[in-house]
2 protein chains.
Amino acid sequence: ILELNDITRVYRSESIAVKAVDSVSMTISEKEFVALMGSSGSGKSTLMNILGCLDKLTSGTYLLMGEDVGKMNKNQLSGIRNRMIGFVFQNFHLLPRTTALENVELPLLYSREKLSWKEIRERAKESLKIVGLGDRINHTPNQLSGGQQQRVAIARALVTKPKILLADEPTGNLDSKTTLEIIDIFQKLNDDGLTILMVTHEPDVANFTGRQIVLSDGKIISDKKNKPV
Amino acid sequence: ILELNDITRVYRSESIAVKAVDSVSMTISEKEFVALMGSSGSGKSTLMNILGCLDKLTSGTYLLMGEDVGKMNKNQLSGIRNRMIGFVFQNFHLLPRTTALENVELPLLYSREKLSWKEIRERAKESLKIVGLGDRINHTPNQLSGGQQQRVAIARALVTKPKILLADEPTGNLDSKTTLEIIDIFQKLNDDGLTILMVTHEPDVANFTGRQIVLSDGKIISDKKNKPV
Ligand SMILES: Nc1ncnc2c1ncn2[C@@H]1O[C@H](COP(=O)(O)OP(=O)(O)OP(=O)(O)O)[C@@H](O)[C@H]1O
Ligand SMILES: Nc1ncnc2c1ncn2[C@@H]1O[C@H](COP(=O)(O)OP(=O)(O)OP(=O)(O)O)[C@@H](O)[C@H]1O
Ligand SMILES: [Mg+2]
Ligand SMILES: [Mg+2]
């Protein structure tokens, strides 16, 4: 479903050249629940942005559901992103003067599903309820705690019922109990067919997945399957 | 050194009233290394902002080094913040179009210590080296990974050699190895006399401190001393 072949991503500016991702090849199959780990600066977010069609490759091929992403134009790329992929950003990227409810409704406005305003509102409310924010729907991001903002980002990523969830440190700002609630949601969705790739730096969280890929200096140094906890 | 007496902080707007901190009393003595824990939304960041003189109380008294903070004017407050307190924000608050080096130099420009430009540059470089970012000093925040941005925020909090470090989830975006490097820095500074209050949601990290305070719905529900690991 997600196939990276010899992917490299170099950041270049007048004074800087950083090989953030270095000749990475990996294949993620449908319904897998994979953890992506590695030290700070090892290339995880860069790899996630490439998989989420948010960033270009310097070299290599990325096949998404068998289609070559490198050959797509802007419209095809954003179409794929909206229909198939839910993305949780490491720094949330919520719209600042917009309520939690409106932030979560936003992806549905671009959706091809012809939803009524009422249906959009109901689905966004449901998504926020599931992550425990039913009583915060009218707060704007600066009226929310860090972990609450993170959960709004998760609710927004799931509201379009995507095929693939790319989550960059989705529990980084959450206490243990709230983390377990979120992982529980992910596991249920995975059982129902959602393919998940999740960046995490916590081994306890990684143990809930079926496979762990470790990056170091932009390269894959280990890729192990295991029995999830 | 830090004494909160019956502190309450209510957020009010036309449609919202949230008691983020509810009748909290606590005393932190010089040279303590304290962990502040609690579930997402329990009031930790709000409490930290009050302690860091960044936010007003709705009621109660806050004595900082014996002085009543509520009676200070804007100049006295910012003077205290610059001279005595280093603050690591949960969402970093780095200046976006400014390099890591310039971000870390900034607090020294306000410092009363009459430092030369050369000394300011050297101290900022040293602070970044200590957190492992010696080779990233000219990157701007969008050219840094999440964990690297977090470490710039830590370097900036420490560059003025404060008496008190208030760190809100300083390792939330860091892998285990980098986390241990940061905690090691904190422990050394604590041995040298730095008072530290650190929000963390990871029990492993809290175990390195000598005392753990737990918040729930704005109230302190437990306050235990322990032998640090
Ligand atoms: N400006 C605001 N207006 C209204 N409510 C607010 C505001 N800021 C925070 N809150 C609410 O106050 C409560 C405490 O927020 P706080 O940021 O202190 O929590 P926290 O313990 O730091 O959480 P986290 O672990 O998720 O970072 C939350 O329930 C939040 O929704
Ligand atoms: N726009 C950019 N220009 C130059 N270098 C960059 C840019 N963005 C990222 N980098 C560098 O690329 C490397 C990989 O960054 P990336 O964000 O993928 O790391 P990461 O594994 O997600 O780290 P973390 O765990 O800290 O979030 C880092 O060393 C970073 O400094
Ligand atoms: Mg990252
Ligand atoms: Mg917080």
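As a basis for the values below, the full set of heavy atoms in this structure was taken, side chains included, without hydrogen atoms, waters or symmetry mates. Order of the sequence lines sets the chain letters (A, B, ...), proteins ahead of strands, with each chain counted from 1.
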Do B/V159 and B/L108 have side chains that get closer than 4.5 Å, going by heavy atoms? yes
Is B/E122 salt-bridged to B/K118, cutoff N-O under 4.0 Å? no
Under the side chain to side chain contact (heavy atoms under 4.5 Å, CB included) test, which residues partner A/S23, sequence neighbours left out? A/D6, A/T8
Does B/L47 reach the side chain of B/V24, with side-chain heavy atoms less than 4.5 Å apart? yes
If you measure from the Lys or Arg side-chain nitrogens to the Asp or Glu carboxylate oxygens, is any gap between B/R123 and B/E119 under 4.0 Å? no
Contacting moiety of B/V199, where chain A heavy atoms sit under 4.5 Å: neither
Of the backbone (N, CA, C, O) and the side chain (C-beta and beyond), which part of A/Q150 lies under 4.5 Å from a heavy atom of chain B, both, or neither? neither
State, with a plain yes or no, whether a side-chain heavy atom of B/V10 is found less than 4.5 Å away from one of B/K19. yes
Can you name the closest pair of heavy atoms from A/M37 and A/T200 and give their distance? CG-O, 3.5 Å
Examine whether an atom of A/S42 lies under 4.5 Å from a heavy atom of chain B, and if so say whether it belongs to the side chain, the backbone or both; otherwise answer neither. neither
With chain A, which of B/G147, B/S145, B/G172, B/S176 has the greatest number of heavy-atom pairs at distances under 4.5 Å? B/G172
For residues 86-103 of chain A against chain B, heavy atoms under 4.5 Å, the residues are A/Q90
Using non-hydrogen atoms and a 4.5 Å limit, figure out which bit of A/N138 sits close to chain B: side chain, backbone, both or neither. backbone
A/D223 atom CG, over 12 foreign heavy atoms within 6.0 Å: yes
Given a strict heavy-atom distance threshold of 4.5 Å, which part of B/T179 is in contact with chain A: side chain, backbone, both, or neither? neither
One option among A/S15, A/S13, A/G41 has the most heavy-atom pairs under 4.5 Å with chain B, and it is A/G41
Heavy-atom distances under 4.5 Å only: say whether A/S40 touches chain B with side chain, backbone, both or neither. both
Partner chain A: residue of B/D204, B/L174, B/T178, B/L144 with the largest heavy-atom pair count (under 4.5 Å): B/L174
Indicate whether the side chain of B/T46 and that of B/Y11 have a donor and an acceptor atom separated by less than 3.5 Å. yes
Option among A/M198, A/E202, A/H201 that satisfies the side chain to side chain contact (heavy atoms under 4.5 Å, CB included) test with A/E169: A/H201
Using side-chain heavy atoms (C-beta onward) and a distance below 4.5 Å, is A/I154 in contact with A/L158? yes
Need one label for B/Q149: side chain, backbone, both or neither, based on atoms under 4.5 Å from any heavy atom in chain A. neither
Closest-packed option against chain A by number of heavy-atom pairs under 4.5 Å, given B/S45, B/G146, B/G132: B/G146
Is A/S39 in contact with chain B via its backbone, its side chain, both, or neither, using a 4.5 Å heavy-atom distance? both
Assess whether a salt bridge exists between B/K44 and B/D168, defined as any Lys/Arg side-chain N lying under 4.0 Å from an Asp/Glu carboxylate O. no
